[in-house]
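These numbers come from the heavy atoms of this one structure, side chains and all, not from hydrogens, waters or symmetry mates. In what follows, chains carry the letters A, B, and so on, assigned in the order in which the sequence lines appear, proteins first and then strands, with residues in each chain numbered from 1.
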Amino acid sequence: MGSRLRIKPPEDYLFKRDVCSYGYFLLAPNRWDPESCTLTRPLLLDHSVAVLTIGQSKDAPGADLIVQSDIALDRAQQREARCRVERMLRLDEHDLSHFHRVDSRWKRSGRGRLFRSPTLFEDIVKTVTNCNVTWAGTMNMNARLCEVISPSFPSPRQLSRKRPATLRSRCGVGYRDERIVALAKLAVAGEIDEDWYADPSNSDEAVRERLLALPGIGPYAAANIMQLLGRYASLALDTESVRHGRDILGFEGESNDIMRRVTEHYERFGDQRFRSYWLDLWSFYEDRRGPAWTWDPATVGRTFTAALLTQRKRLATP
DNA sequence: GGTAGACCTGGACGC
DNA sequence: GCGTCCAGGTCTACC
């Protein structure tokens with residue numbers, strides 16, 4: 001007999017929309033079921049792995065969230081599960097009024113919370129597996145890390161004990177192998193401290209500098225990890241941003257010029273730049289592929305990016 | 001400080 | 001089915 005938790009979300013929280021708001025909901029060990037609109041994933045809770053299924057009691061903003069565990073959880077495990085789920089769903093961001101004042105386009109819908117992982121370490125590894133590879137490659141790497149090392153996503157300790165060659169040959173992470181092991185060793189040594197990164201008394205610049213010093217983390221990855229930490233002032237610009245600038249914003253020129261103009265375009269959103277940028281990009285995907293909560297992870301979930309949409313369009317054009 | 005090339009994988013494409 | 005080409009961000013060497 002498992003355990004059942006009930007969580008009261010912010011009143012504008014719509015589970016299916018706010019979970020399916022950032023690509024990581026499609027990455028293992030997360031499993032989104034478009035039929036039931038539930039998210040299932042194993043989670044390590046004090047030496048036991050519990051498979052949690054999360055859903056909303058009613059398909060309405062603010063309705064209670066229900067977390068069903070396949071095993072009985074003691075009080076400490078329930079506290080930990082609640083804490084991890086709240087991190088993933090960003091339920092700590094109770095009040096989106098500042099973002100909605102800065103960018104009123106999303107006020108009516110209540111959009112603004114972007115899905116993330118239960119731990120900062122998982123977010124960092126997922127970001128490294130998202131660099132210099134197509135989205136399908138990112139999905140494969142995360143699936144194999146879970147298959148080969150741990151179904152609940154490898155912990156820093158587990159990864160720190162792996163040989164880079166094992167990650168390369170069995171998990172398909174390629175040249176990222178040594179960087180991932182080095183990151184895990186730093187995490188085990190306590191050098192990746194989420195409290196410090198999230199502490200608002202530390203400036204964005206200080207956080208960015210420290211992230212850039214981590215192995216495998218460059219400008220794009222640092223900016224992406226910053227938004228995952230709730231710091232939205234930096235834009236994580238990649239090739240998708242260039243396509244967004246060219247196809248949606250209508251900018252012309254070389255990639256560098258378009259990147260510069262995309263940056264200028266989002267200046268107006270100040271410390272909320274990333275959220276405005278991301279919701280624009282995500283709306284572009286949803287306009288073409290339907291609401292993200294309807295995406296089947298095995299099909300649309302692998303092919304929703306603008307790069308693949310452009311290829312599909314090219315293939316369809318005689 | 002700026003730039004070029006290597007890193008690795010998977011998918012598209014041509015034969 | 002096989003070989004080739006290309007996309008993708010970070011890192012290092014070099015100017």
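For A:Asp204 and A:Tyr232, the side-chain atoms include no donor-acceptor pair closer than 3.5 Å.
Using a 4.0 Å heavy-atom cutoff across all strands shown, A:Asn130 reaches no nucleic acid atom at all. Residue contacts shown for A:Gly137 are absent, as no nucleic acid heavy atom lies under 4.0 Å away.
End-to-end axis angle for the helix from B:dG1-C:dC15 to B:dC15-C:dG1, using five pairs per end and rounding to 10°, comes out at 40°.
Of the listed residues (A:Asn142, A:Asn140, A:Thr138), just one forms a side-chain hydrogen bond (donor to acceptor under 3.5 Å, both in side chains) with A:Thr129, and that residue is A:Asn142.
You'll find a donor-acceptor pair under 3.5 Å spanning the side chain of A:Tyr175 and the base of C:dG9, going by distance alone.
Within residues 165-172 of chain A, the residues approached by DNA chain B to less than 4.0 Å at the level of any non-hydrogen atom are A:Arg168, A:Gly172, in residue-number order.
Geometric assessment of A:Arg273 against the ring of A:Trp278 yields a negative cation-pi assignment under the 6.0 Å and 45° thresholds. In this structure, A:Arg275 is positioned above the aromatic face of A:Phe99, its NZ or CZ under 6.0 Å from the six-membered ring centre and within 45° of the axis.
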*Please test A:Phe115 against A:Tyr24 for ring pair (Phe, Tyr, Trp, His ring centres under 6.0 Å), starting from the C-alpha separation and ending with a verdict.*
CA-CA 7 Å; A:Phe115 183 79; A:Tyr24 289 6; 8.1 Å; no
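A:Trp295 is linked by a ring-ring contact (aromatic ring centres under 6.0 Å, His included) to A:Trp282, A:Phe304, counting only residues two or more places apart in sequence or in another chain.
For the pair A:Asn256 and A:Asn140, both in contact range of DNA chain B, the more 5′-proximal nearest nucleotide belongs to A:Asn256.
Computed from coordinates, the A:Arg302 CZ to B:dG11 P distance equals 7 Å when rounded to whole Å.
OP1 or OP2 of B:dT9 has not a single side-chain nitrogen or oxygen of A:Arg144 nearer than 4.0 Å. For A:Thr239, a side-chain nitrogen or oxygen approaches OP1 or OP2 of C:dG8 to under 4.0 Å.
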